[in-house]
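Written out below as structure tokens is the structure these notes cover.
Remember, it's a predicted structure, so these values are computed and weren't measured experimentally.
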Protein chains: 2
Amino acid sequence: MTDPAAAISNLGFAILGLLARRESTGYEVAQRMRRPIGYFWTARHSQIYPELNRLDAAGMVEHEVIDGAGPRPTKRYRITETGRAALAAWVVGELEPQPVRDLEVLRLWSIWTVDPEAADDLIGRLEDTHQSVLDRYLEELAEVAGQPGARDPANPLFATRITLEGGIRSRRTALEWCAWMRAELAAANR
Amino acid sequence: MTDPAAAISNLGFAILGLLARRESTGYEVAQRMRRPIGYFWTARHSQIYPELNRLDAAGMVEHEVIDGAGPRPTKRYRITETGRAALAAWVVGELEPQPVRDLEVLRLWSIWTVDPEAADDLIGRLEDTHQSVLDRYLEELAEVAGQPGARDPANPLFATRITLEGGIRSRRTALEWCAWMRAELAAANR
DNA sequence: AAATTCATGTAAAGAGTTACATGATTTC
DNA sequence: GAAATCATGTAACTCTTTACATGAATTT
């Protein structure tokens, strides 16, 4: 059943993006959502299964029942031509500026309420998490960048590579910013 | 009434952060939430008024009824000592790595599904929005950086200044990344 | 035999946006 | 006199997380 009137959610486009690369069961979609798409969009299986059913009803994906474990029939999903077209149209569609929601910056915004030693410690812990995320991204990029297709804009690996590059640049900048903040704290202390 | 058992939401800490700087009516909290705190955390008045009532019930803020426009009594809120302590404890508390949710990167992750001209156009529009946000942040920083207190870690302006600096660095990095992506697209075209 | 993974769902609650509702004061 | 701003709330809906539920196949 195709219902083109039904609007597709952001999560829907995340799932279509996964299925455009490779067909998968719902379970696999939930696994693949963690890495590397989970670096910029996350969803749990409890959100994914209902969304797959909606995409199916809208004709964006189709499924076949296959053999598998579990008390219910295992379904393998594939993107349809309609779904492929909807995804491509969304990718180049209107860009409304997205509100940023960053809990770390929200904390830093109230950092003046704590003493400078505690502030320095907080920023140090912030650095640690940025560093470990950066390390993970770098490993991931090393795996991807050498593969054939990673330099071809029509290949999914190209998109994986340039988004990882964005993550790496952003974490490096965050680390530099943290070092700068500690210096600002230290400068005031003297 | 003080209920220390009630957990405070992220929005609650955003509001406490505002009231720690200066007492305000609910209406003013909603206005102040837009700039500059709205650069990293947003909320509408429909979320703010109920949250203020919860903070009030938890003893984190207190209010007095003042003269003002509107069909209901106008309340001016002030953070309590309890609220101040809860805010400071939260600022330096445990840091769980936050999941990133970035719709722009989600698009770019599927950019391989569109032709290189459309991809280049998309990145160009991305650059425009980053540039205009950067310009706004720079203006804001110019207003803040020169004021007395902006270099004192115990002054709210210090926190405003370092968070703005973070926004500026992050947008500049995003712009460089966009330019790099366009070059990568162009390199493949030759 | 026990633990883990595969596999798909629903329920409840919290977080967030949009829309509805009201009415006084101030500015044009 | 009209429009904008001040001022506070509720209702409905969407999105997201956490918890509940089930059971087969595989690995230890």
Pairing residues for B:Y27 by the side chain to side chain contact (heavy atoms under 4.5 Å, CB included) criterion, not counting sequence neighbours: B:T25, B:Q31, B:Y49
Atom pair distance, as rounded to whole Å: NZ in B:K75 and P in D:dA7: 14 Å
Is the phosphate of C:dT8 approached by A:Y27 (side-chain N or O, under 4.0 Å from OP1 or OP2)? no
In whole angstroms, how far is the C1' atom of C:dT8 from the CG atom of A:D56? 14 Å
Using a cut-off of strictly less than 4.0 Å, decide whether B:Y49 has a side-chain nitrogen or oxygen near OP1 or OP2 of D:dG9. no
Without decimals, in angstroms, what is the distance between A:I15 CD1 and C:dT8 P? 12 Å
Student check: side-chain heavy atoms of A:Y39 and A:V133 closer than 4.5 Å: no
Atom pair distance, as rounded to whole Å: CD1 in A:I8 and P in D:dT14: 16 Å
Take the protein atom CD of B:Q31 and the nucleotide atom P of D:dT5, then report the distance between them rounded to whole Å. 10 Å
Contact state string [nucleotides 15-23 of chain C, B base, S sugar-phosphate only, - no protein heavy atom under 4.0 Å]: SBBBB--BB
Listed partners of B:Q47 passing side-chain hydrogen bond (donor to acceptor under 3.5 Å, both in side chains), at least two apart: none
Nucleotide D:dT8, atom P - distance to CD of B:E64 in whole Å: 12 Å
Taking side-chain contact (heavy atoms from CB on, under 4.5 Å) as the criterion, tell me which of A:D128, A:I123, A:L122 meets it with A:C178. A:I123
Under the 3.5 angstrom rule, does the side chain of B:R101 hit a backbone N or O of A:T42 as a donor-acceptor pair? yes
Separation of D:dT5 atom P from B:E28 atom CD, nearest Å, is 16 Å
Looking at A:E104 and A:R107, does any basic side-chain N land under 4.0 Å from a carboxylate oxygen? no
Between P of D:dA7 and CG of B:N53, the distance in whole Å: 17 Å
